[in-house]
Amino acid sequence: MSNYWNEEIECMSYEDMRKLQSERLVAQVKHVYENVPYYKNLMDEKGVTPDDIQSVDDLHKLPFLTKADLRDAYPYGLLAKPLSECVRIQSTSGTTGKRVVAFYTQNDIELWENCCARAIVAVGGTKEDVCQVCYGYGLFTGGPGLNGGSHKVGCLTLPMSSGNTERQIQFMTDLGSTILCCTPSYAAYIGETLHEMGYTTDDIKLKAGIFGAEPWTEEMRHEIEKSLGIKAYDIYGLTETSGPGVAFECSEQTGMHINEDNFIPEIINPDTGEVLPDGEVGELVFTSITKEAFPLLRYRTRDLCVLSRKKCSCGRTLIKMSKPMGRSDDMMIIRGVNVFPSQIETVLIEQGYTPNYLIEVDRVNNTDTIDVNVEMNPEQLSDKVKDMQQQERALAEAMKTMLGINPKVHLVPPKSITRSEGKAVRVIDRRKLHD
Amino acid sequence: MTNVRQISVFVDNKPNQLAEVMQLLKNSGINLRALSLADTKDFGILRIIANDTDKAVKTLKENSYAVTVTEILAISIPDSPGQLSRVLDILGAEGVNLEYLYAFTGTSDRSVSFVIRVDDNAHAADSLTKGGIIQLTENDIAEM
């Protein structure tokens, strides 16, 4: 039984892949130039014409697109096909005030669902599997993407959407779900609830999970794998390029294979825009070479990661990206130091706490303050106040070592921090109120 | 062994937190014999002696509270000047380290009771017995 959804593409030689990418890129640039006045203007300003793009080697000549461009061009400014050929939109939550609406032709949906199918097959999915999709359905790409991929593979698909966790577990135990798709924070919560309801991993048949849409750490992977008795795999994507399935993890669990027959990745220096060689950390940039309705060229994702062409034991030759090390949206600059919530999460798990925390950033007398609320470990409750204060100090000390700044740690009761059924809210930054 | 079990509950330092705990215990028909609250600016540790320790712990845990049970000593001394001082002198002379203590009322208006938390229960209990101090059992307290 094949471990691949599309072996020809997934195991294609580097030379053949470059050739395929080049052909598609040349056609895509022409398509965009002729149909998207917004991007044509950007190219004209830079003095680049479609004739200048003859292969992937010329990619760097094209101008970047940013989230600000998407906002400026909202809603139809980057549409490259007549509306009569579009069949769907998906959208980001717009919580940061920058809603993105992406359009799909029938063919775009096909390509997207095939990308998700590759991800499901890579974790061992076949038509014998029962795939429980608890990403949100609707405008959010998570539910529809994995749902479509699961159909393609032929799994029995449970379109649960997120929420109603006890019902999720009931379906999981009654129907014998074997693959779980949701955000990692929701997977952790499902695991927690499963055990609270008195079940063990013997009561479920899950073998694998495909978790994405938010950053998570290796420590969290181990926690989820233990709690649900599964292998936990990462999946990457963004609404701007299609949704989940831009890149997916294989059995090796050491980074995600990018579906580079559809999306050409580049790593750039976020300050200068200069393209960096494989192996260097920088901002991930994608060029969609197969999308018809919403084909973004050189879109800056703001995710910081590393690309690698190191041979993978799974046999795929698709380039791999590391787990994003941070996202500028999440990155906090506190007293001039870059701080990522994932660093705090790592400390918590190392010290025996659950990854349930809330970071509050504020500015007092022109100095940034960072307060971390952490759910205390009930196993470590002492009747002596000094013992509990010692636990707070030890955590603050470990965070200081990790972050280079001194946070205030506050222990709060177990389960007092709101659990997330979608993307977890980890940071409240009140400094913006003062600006 | 005369040790008495004390329940400690982690509570948030926010309005209504103590009321919630009391409501739960009330609904389970638990009667409190002694209580003290130690608080910091983040959290409080509520320490209680209940008439039914097991039931109180079960109720609190079922409602997701962090709970721990510690063995403490309980004593009853005459309600007259200098009595507590005598107790502390006995413990001090024996080198027993006192973590905290709190008073509670029993049924007699001529005596007063104390919860004593020390680092070495056995040593403290021996010292108090030798010094003629009456120690209470968990049963004594439950029946108060």
Side-chain angles (χ1 to χ4, degrees), chain A residues 165-166 188-189 191-198 344 348 351-354 356-360 362 364 369-397 399 406-419 428, chain B residues 3-21 24 34-50 53 56-74 97-102 115-121:
Chain A
T165 309
E166 297 201 353
Y189 184 51
E192 204 176 297
T193 310
L194 181 86
H195 294 282
E196 265 175 27
M197 286 170 71
I344 288 179
L348 291 180
Q351 304 278 323
Y353 293 83
T354 61
N356 295 302
Y357 59 95
L358 182 69
I359 300 166
E360 295 177 82
D362 207 341
V364 178
T369 60
I370 174 167
D371 290 71
V372 186
N373 298 296
V374 178
E375 287 187 0
M376 56 89 59
N377 179 350
E379 303 293 317
Q380 287 185 26
L381 175 62
S382 163
D383 63 315
K384 296 182 222 164
V385 169
K386 67 176 180 195
D387 290 351
M388 301 311 291
Q389 287 177 324
Q390 175 53 33
Q391 289 175 22
E392 284 185 331
R393 273 196 300 274
L395 262 181
E397 196 53 43
M399 286 181 195
N406 223 340
K408 272 194 211 124
V409 172
H410 310 279
L411 290 179
V412 299
K415 301 197 187 301
S416 62
I417 291 175
T418 314
R419 296 299 193 269
I428 297 175
Chain B
N3 293 358
V4 177
R5 288 177 301 164
Q6 168 190 264
I7 305 166
S8 301
V9 191
F10 187 90
V11 286
D12 221 352
N13 196 352
K14 280 186 189 152
N16 216 33
Q17 298 299 304
L18 192 56
E20 271 183 32
V21 176
L24 274 177
L35 177 151
S36 109
L37 180 64
D39 65 314
T40 72
K41 69 182 182 0
D42 292 334
F43 58 82
I45 298 173
L46 174 67
R47 301 155 182 154
I48 52 183
I49 313 283
T53 305
V57 168
K58 187 166 172 278
T59 302
L60 290 164
K61 281 192 171 169
E62 277 171 2
N63 286 278
S64 299
Y65 280 94
V67 176
T68 188
V69 174
T70 324
E71 294 200 339
I72 48 87
L73 298 180
N97 188 24
L98 183 68
E99 295 284 354
Y100 57 79
L101 59 74
Y102 53 97
V115 166
I116 299 182
R117 171 72 159 110
V118 294
D119 56 1
D120 184 346
N121 274 338

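What you see is a predicted model, and the numbers here were worked out from it, not measured in a lab.
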Answer yes or no: is there an ion pair linking B:Glu62 with B:Lys58, defined by an N-O contact shorter than 4.0 Å? yes
Among A:Met376, A:Gln380, A:Lys415, which residue has the highest count of heavy-atom pairs closer than 4.5 Å to chain B?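 Top count of heavy-atom pairs under 4.5 Å with chain B: A:Met376.
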Option passing side-chain contact (heavy atoms from CB on, under 4.5 Å) with B:Tyr102 (candidates B:Ile116, B:Ile49, B:Leu37):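 Between B:Tyr102 and the candidates, side-chain contact (heavy atoms from CB on, under 4.5 Å) is satisfied uniquely by B:Ile49.
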Does one side chain, of A:Ser382 or A:Asp387, offer a donor that lies under 3.5 Å from an acceptor on the other?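 Side-chain D/A pair, A:Ser382 to A:Asp387: present.
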Taking atom types as modelled, find out whether A:Tyr189 and A:Asn356 have a side-chain donor-acceptor pair closer than 3.5 angstrom.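 No, because no side-chain N or O of A:Tyr189 sits under 3.5 Å from a partner of the opposite role on A:Asn356.
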Contact class of B:Val67 relative to chain A, heavy atoms under 4.5 angstrom: backbone
So for B:Gln17, is it side chain, backbone, both, or neither that comes closer than 4.5 Å to the heavy atoms of chain A? neither
Contacting region of A:Lys384 [heavy-atom separation from chain B under 4.5 Å]: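 Looking at A:Lys384, backbone and side chain both touch chain B.
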Quick one: what part of A:Glu392 sits under 4.5 Å from any heavy atom of chain B, side chain, backbone, both or neither?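 For A:Glu392, the contact with chain B is made by the side chain alone.
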Are B:Phe10 and B:Tyr65 close enough that their ring centers fall under 6.0 Å? no
Scored by heavy-atom pairs under 4.5 Å with chain A, the best of B:Val11, B:Thr68, B:Asp39, B:Thr70 is B:Thr68
